Amino acid sequence: MTPGSRRWLHFKRSRRGYFSLLIFSTLFILSLGAELISNDKPYLVVYQGTYYFPMLKDYPETTFGGVFETETDYKDPFFLELIAAENGKVFFPINRHSFNSINFEITGPVPSAPTKQNILGTDDRGRDVFARLLYGFRLSVLFGFALTAVGTGIGIISGALQGYFGGRTDLFLQRFIEIWSAMPELYLLIIFASVFQPSIVLLLVLLSLFSWMGLSDYVRAEFLKGRNMDYVRAARALGVSNLVIMYRHLLPNGLTPVITFLPFRMSASILALTSLDFLGLGVPPSSPSLGELLAQGKANIDAWWLSLSTFIVLVSTLILLIFIGEALRGAFDPRQR
């Protein structure tokens with residue numbers, strides 16, 4: 001049995017971590033198709049024997065016998081009457097709301113409580129909370145993947161250079177990390193948020209500048225331990241280049257702490273995005289965000305559905321990632337056979 005297969009079997013023995021991985025993977029895959037679950041545009045419109053796909057293409061109202069050249073409002077009763085007059089059919093998703101669509105049929109004040117039209121209620125602008133949670137979960141997880149990947153890549157390169165070459169290279173990079181880690185990250189985010197237009201790319205770049213330092217120490221320690229091993233000295237004597245030695249011989253042994261820390265780093269990335277959105281320093285206001293929903297719940301104490309639903313989604317996501325990380329850590333524990 002290969003080491004990878006043995007670790008996978010040990011990971012599956014941790015039922016809490018294994019089922020957490022299955023649940024998290026299922027939720028993430030479903031969120032990737034958020035437009036198919038929650039959308040204010042139908043899958044398919046059958047009108048006069050012709051098939052239209054509004055999710056893939058925008059159609060003006062005149063296409064369906066309307067008056068205006070503007071994009072069709074598929075939830076408008078006038079549109080539905082036009083389709084019914086021609087014996088057409090409209091196939092909507094399960095939830096007929098997108099993350100930025102406003103429910104104009106609400107009769108009371110907003111935020112409005114859960115109803116049949118909005119199963120988790122609406123926010124202070126009349127937008128569907130379920131749709132914003134679904135799209136916000138996808139955005140948070142994708143951001144966590146991206147930030148974890150970028151931070152891990154930079155941390156591996158930095159730690160590998162320090163640990164393999166040592167000497168002045170290690171000394172210089174260590175002093176640089178000490179100085180860079182003393183930079184006030186929150187103040188920099190506030191400054192850049194006031195200078196540049198907020199965007200998910202800008203936030204990813206800024207957080208990536210600081211997210212790699214914790215991981216580089218573990219990789220550095222692994223490379224320092226392995227650079228004087230006999231197989232590394234033999235490779236040097238045979239004339240193998242430093243890059244090949246680092247990539248082929250030392251990196252596989254140094255990936256154990258990297259892999260075990262990945263779920264924890266991803267949960268920290270999601271929490272960082274949520275915190276910045278809660279403070280108004282994250283993604284643009286129109287973007288679906290868990291932190292923005294928490295801020296709305298704080299501003300509207302009576303709207304319990306805002307805080308409760310967002311809290312459940314955020315905490316459940318973090319718990320699943322922590323359970324996966326614990327199972328990975330046990331699977332890669334060298335004391336386990």
Side-chain angles (χ1 to χ4, degrees), residues 24 27-28 31-32 34-35 38 98-102 111 120 122-152 154 180-181 183-214 262-301 303 305-322:
F24 180 80
L27 293 176
F28 177 62
S31 69
L32 292 178
E35 288 80 4
S38 182
S98 185
F99 69 92
N100 57 354
S101 59
I102 299 175
L120 293 180
T122 63
D123 62 2
D124 57 4
R125 299 182 185 178
R127 298 172 298 191
D128 186 67
V129 173
F130 174 78
R132 293 191 68 79
L133 284 175
L134 180 61
Y135 285 83
F137 172 78
R138 180 177 66 178
L139 178 63
S140 299
V141 174
L142 290 176
F143 181 85
F145 276 130
L147 183 58
T148 301
V150 175
T152 300
I154 299 176
W180 191 249
S181 61
M183 298 287 288
E185 182 178 356
L186 182 59
Y187 288 159
L188 290 176
L189 289 172
I190 295 175
I191 293 172
F192 281 104
S194 61
V195 174
F196 299 100
Q197 184 178 1
S199 66
I200 193 69
V201 177
L202 176 62
L203 195 61
L204 177 63
V205 172
L206 292 177
L207 291 179
S208 299
L209 296 177
F210 298 93
S211 63
W212 57 273
M213 290 180 288
L262 283 180
F264 301 104
R265 294 180 62 83
M266 185 172 174
S267 62
S269 301
I270 294 175
L271 191 59
L273 176 64
T274 304
S275 303
L276 292 174
D277 289 338
F278 180 80
L279 297 174
L281 302 174
V283 297
S286 60
S287 302
S289 167
L290 300 180
E292 191 255 349
L293 282 174
L294 287 177
Q296 289 194 32
K298 174 179 174 294
N300 302 274
I301 301 297
W305 55 90
L306 288 174
S307 302
L308 181 61
S309 58
T310 309
F311 176 80
I312 292 175
V313 170
L314 180 61
V315 172
S316 301
T317 303
L318 298 180
I319 289 176
L320 291 175
L321 289 173
I322 290 174

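What's counted below: heavy atoms across the whole structure, side chains too, no hydrogens, waters or symmetry copies. The model shown is predicted, which means the values in this text are computed figures rather than measured ones.
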I need the [X] [atom1] to [Y] [atom2] distance, nearest 0.5 Å.
X	Y	atom1	atom2	value
S309	L120	OG	CG	5.5 Å
F137	I270	CZ	CD1	7.0 Å
L271	M266	CG	CE	13.0 Å
I312	T317	CD1	OG1	11.5 Å
R132	D123	CZ	CG	6.0 Å
L147	L203	CG	CG	8.5 Å

Evaluate side chain to side chain contact (heavy atoms under 4.5 Å, CB included) for L314 paired with L294, printing each intermediate quantity in order.
CA-CA 10 Å; L314 180 61; L294 287 177; 4.1 Å; yes
Less than 4.5 Å apart, any side-chain heavy atom of [X] and any of [Y]?
X	Y	answer
I102	R127	yes
R265	S211	yes
L206	L188	no
F28	L142	yes
I322	P263	no
L209	E185	no

Closest non-hydrogen atom pair between [X] and [Y], with its separation:
X	Y	answer
S287	V283	CB-CG2, 3.8 Å
P111	L306	CG-CD1, 4.0 Å
I154	S208	CD1-O, 4.3 Å
S140	L273	CA-CD2, 3.9 Å
S269	G144	CB-CA, 3.8 Å
S31	L134	CA-CD1, 4.1 Å

Side-chain ([X]) to main-chain ([Y]) donor-acceptor, under 3.5 angstrom:
X	Y	result
W305	G297	no
S267	F264	yes
S98	S101	no

Once the angle between the rings of F99 and Y135 is folded into 0 to 90°, is it parallel (under 30°), tilted (30 to 60°) or perpendicular (over 60°)?
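Tilted.
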Between R125 and E292, does any side-chain N to carboxylate O distance fall below 4.0 Å?
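Between E292 and R125 there is no salt bridge, as every charged N stays at least 4.0 Å from the carboxylate O atoms.
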